[in-house]
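Within every chain, numbering begins at 1; the chains are lettered A, B, ... in the order of the sequence lines, protein sequences first and strands thereafter. Atom set for the values below is all heavy atoms of this structure, side chains included, hydrogens, waters and symmetry mates excluded.
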Number of protein chains: 2
Amino acid sequence: MTRAAPNPARRIREDIEGRIHSGEWKPGTRIPIEQELAARYGCARATVSKALAELVAAGLVERRRKAGSFVAHPPVHSAVMTVPDLAELIAARGESYRWEARAILRRKNAGGADTLQIDGIHFAADEPFALENRTIELAEVPAAAEANFAAEAPGTWLLAHIPWTSARHVVRAVAATRAEAAALATGSGAACLQLERDTWRGDRPVTHVRQLFRGDRFDLVAEFQAGTGKREGN
Amino acid sequence: MTRAAPNPARRIREDIEGRIHSGEWKPGTRIPIEQELAARYGCARATVSKALAELVAAGLVERRRKAGSFVAHPPVHSAVMTVPDLAELIAARGESYRWEARAILRRKNAGGADTLQIDGIHFAADEPFALENRTIELAEVPAAAEANFAAEAPGTWLLAHIPWTSARHVVRAVAATRAEAAALATGSGAACLQLERDTWRGDRPVTHVRQLFRGDRFDLVAEFQAGTGKREGN
DNA sequence: TGGGTCATTATGTCTAGACATAATATGAGG
DNA sequence: CCTCATATTATGTCTAGACATAATGACCCA
């Protein structure tokens, strides 16, 4: 039980990472077996295994039983995209936001439960920033029926009240209709970024939202650090 | 050394996950200390620690020394977005693609090294699908100077030849200029999705690409499974 | 009361050894 | 030469114990 380095696992990971980055070990290259790495770095096999597991999580390495560990082939280019709550995003920019509910109505959905429907506009610095059309399943979020969406945007409210979700985003460029263009203070047919988000809790739908941004006022930014698994976002 | 369950770590993780999902443990709730969990589940503390580490990676849990482990507050809504190589994406749809280089020229960049610049069009089913403007830093990818981009799109070629990268994506809705509209066989001013991607190897730039899609023909889709860290993409 | 010091505590990491598992490689039999 | 059962091998996971580290909170002193 000699403690070789302060951070053996990290040292191993960074060493292998370096060899892959530098091109010394190309995609498909077989990485020495764990026992050999353990001997080389003077540590236990479990430590090597942990380092390799982190490299797998980062997408740099593939492991197959019996076969061994290999440098991963450049995969589909994936990125961690941060799609913040809209109101939070605006607040973070040091700007103000307002929520203007334009319609709140209920309707029976297929299961017989109520669905809350809310349409509104987000403002930043007194300029219209985004249109939002949202539905909330009251069966999953009964408290939403009592919430005051004049004081707090539905997205913010939901983020604070819903424990956890899975989500599906669809991003698309669309031309603004005449009504949309008027609401966003731009020209009819202007290019807009449409973000649709379906959110579930477990496998039951919670909310659906469509947000429409003026194309000249909004970007989606995604950063991806390959190899570290480090997440960083807009 | 009694082997309690076939997968203690997994069982622990799913149990805690369930409590968080169900709302039994709300954000900010303190999770019992590892020793207690180890006793409760009848396993070693290292196993509990591993399970908690996975929950941290999934964003469900926060851990602080001395303080303990806590249910994470609903974070910024992040999603793993898969932005595949364009040619690969088209091929996966069972459609064909063609690459038409329109210009290949070199220029000296600030450092004095060569930059390769390529403009082209992607086709799917004989319809123009996307415009692409790309620069490649030859200092980082010297082999690109010899590559035959008539046979293989630059994105595909780079994916196969560059070991690893970090990347930054910017997604924006823009109106097509007259020339762009003509190339995409759509109307002038049509809403298009513009994807810009800067790619680095370490901290040195490798390539920059701007891809312009017809808004009515292309979506970006991002799936996010909160709590599992599972990645699934378009 | 204010502030600095120190012991406590819970997580962070590692070790050495063990057994489980799956995929490959090998060899026997047809 | 092909096929199927078996042995081998490398990863996957776990245990029990140890030491490291950082943040908290209590204690003591000015």
Side-chain angles (χ1 to χ4, degrees), chain A residues 1-17 19-20 25 27-73 228-230, chain B residues 1-17 19-20 25 27-73 228-230:
Chain A
M1 186 183 294
T2 49
R3 300 187 50 75
N7 251 345
R10 181 171 172 177
R11 203 170 71 84
I12 298 170
R13 199 188 66 217
E14 290 179 350
D15 181 40
I16 295 178
E17 230 173 75
R19 288 173 199 266
I20 296 175
W25 289 353
T29 299
R30 176 170 182 161
I31 295 172
I33 68 170
E34 297 184 356
Q35 295 213 350
E36 189 185 323
L37 289 175
R40 180 186 303 181
Y41 293 105
C43 67
R45 188 174 76 89
T47 305
V48 172
S49 186
K50 191 189 171 194
L52 287 175
E54 291 171 356
L55 290 170
V56 167
L60 270 182
V61 163
E62 285 174 29
R63 299 165 90 184
R64 290 200 305 277
R65 283 198 162 128
K66 157 72 181 172
S69 301
F70 303 85
V71 177
H73 286 85
T228 65
K230 194 175 65 183
Chain B
M1 189 183 292
T2 48
R3 299 188 51 76
N7 250 346
R10 181 172 172 178
R11 202 171 71 83
I12 298 170
R13 200 189 64 218
E14 290 178 350
D15 181 40
I16 295 178
E17 229 173 76
R19 289 175 199 265
I20 296 176
W25 289 354
T29 300
R30 176 169 182 162
I31 296 172
I33 69 170
E34 298 185 354
Q35 295 213 350
E36 189 184 324
L37 290 175
R40 181 186 302 181
Y41 293 106
C43 67
R45 188 175 74 91
T47 305
V48 172
S49 186
K50 191 189 170 194
L52 288 175
E54 291 170 358
L55 290 170
V56 167
L60 269 182
V61 164
E62 285 174 29
R63 298 165 91 185
R64 291 199 306 277
R65 284 201 162 126
K66 158 74 180 171
S69 302
F70 303 85
V71 177
H73 285 84
T228 65
K230 193 175 66 181

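- Counting any heavy atom pair closer than 4.0 Å across all strands shown, B/A9 reaches sugar-phosphate atoms only and no base atom.
- One interatomic measurement links the two molecules: CG of B/L55 to P of C/dT11, which rounds to 13 Å at whole-angstrom precision.
- Here the P atom of nucleotide D/dC14 and the CZ atom of B/R10 are 11 Å apart, to the nearest Å.
- To the nearest angstrom, P of C/dA23 lies 13 Å from CZ of A/F70.
- For the pair A/K66 and C/dT21, the criterion of a side-chain N or O lying under 4.0 Å from OP1 or OP2 is not met.
- Residue order along DNA chain D, read from the 5' end via each residue's closest nucleotide, puts A/I31 first among A/I31 and B/V48.
- Taking atom CD of residue B/E34 and atom P of nucleotide C/dG12, one finds them 6 Å apart after rounding to whole Å.
- Taking atom CZ on B/R64 and atom C1' on D/dG25, their separation rounds to 15 Å, with Å as the unit.
- When side chains are defined from C-beta on, B/I12 does not count as touching B/L37, because their heavy atoms never get closer than 4.5 Å.
- Applying the 4.0 Å criterion to OP1 and OP2 of D/dG12, one finds that A/R63 has a side-chain N or O inside that range.
- Comparing D/dT9, C/dT11, D/dT11 against the side chain of A/I33 picks out D/dT11 as the nearest.
- Salt-bridge check for A/D15 with A/R19: passed, with a basic side-chain N closer than 4.0 Å to an acidic carboxylate O.
- Distances from the side chain of B/A44 to the nucleotides C/dC14, D/dA16, C/dT15 place D/dA16 closest.
- Listed nucleotides: C/dT15, C/dC14, D/dT15. Nearest to the side chain of A/K50: C/dC14.
- The backbone N or O of B/K50 sits nowhere less than 3.5 Å from a side-chain atom of B/R13 that would complete a donor-acceptor pair.
- When distances run from any side-chain atom of B/R30 to the nucleotides D/dA22, C/dA10, C/dT15, the shortest one goes to C/dA10.
- We find that OH of A/Y41 is positioned 14 Å from P of C/dC14, with the value rounded to whole Å.
- One can place CD of A/Q35 at 15 Å from C1' of C/dT15, the figure rounded to the nearest angstrom.
- For the OP1/OP2 pair of D/dG17 and a distance below 4.0 Å, the side-chain nitrogens and oxygens of B/R45 include no atom meeting the criterion.
- Which of D/dT15, D/dC14, C/dG12 sits closest to the side chain of B/A46 comes down to D/dT15.
- Atom CZ of A/R10 has 12 or fewer neighbouring heavy atoms from other residues, nucleotides or ligands inside a 6.0 Å radius.
- The interatomic distance linking A/E62 (CD) with D/dA10 (P) rounds to 19 Å, in whole Å.
- The closest side-chain heavy-atom distance from A/I20 to A/T29 is not below 4.5 Å.
- For the pair B/P32 and A/T47, nearest-nucleotide mapping onto DNA chain C gives the more 5' position to B/P32.
- Picking from C/dG12, D/dC14, C/dC14 the nucleotide with the shortest atom distance to the side chain of B/R65 gives C/dG12.
- A/R11 and A/T47 share no donor-acceptor pair across their side chains, judged by distance under 3.5 Å alone.
- OP1 or OP2 of C/dT11 sits under 4.0 Å from a side-chain N or O of B/S69.
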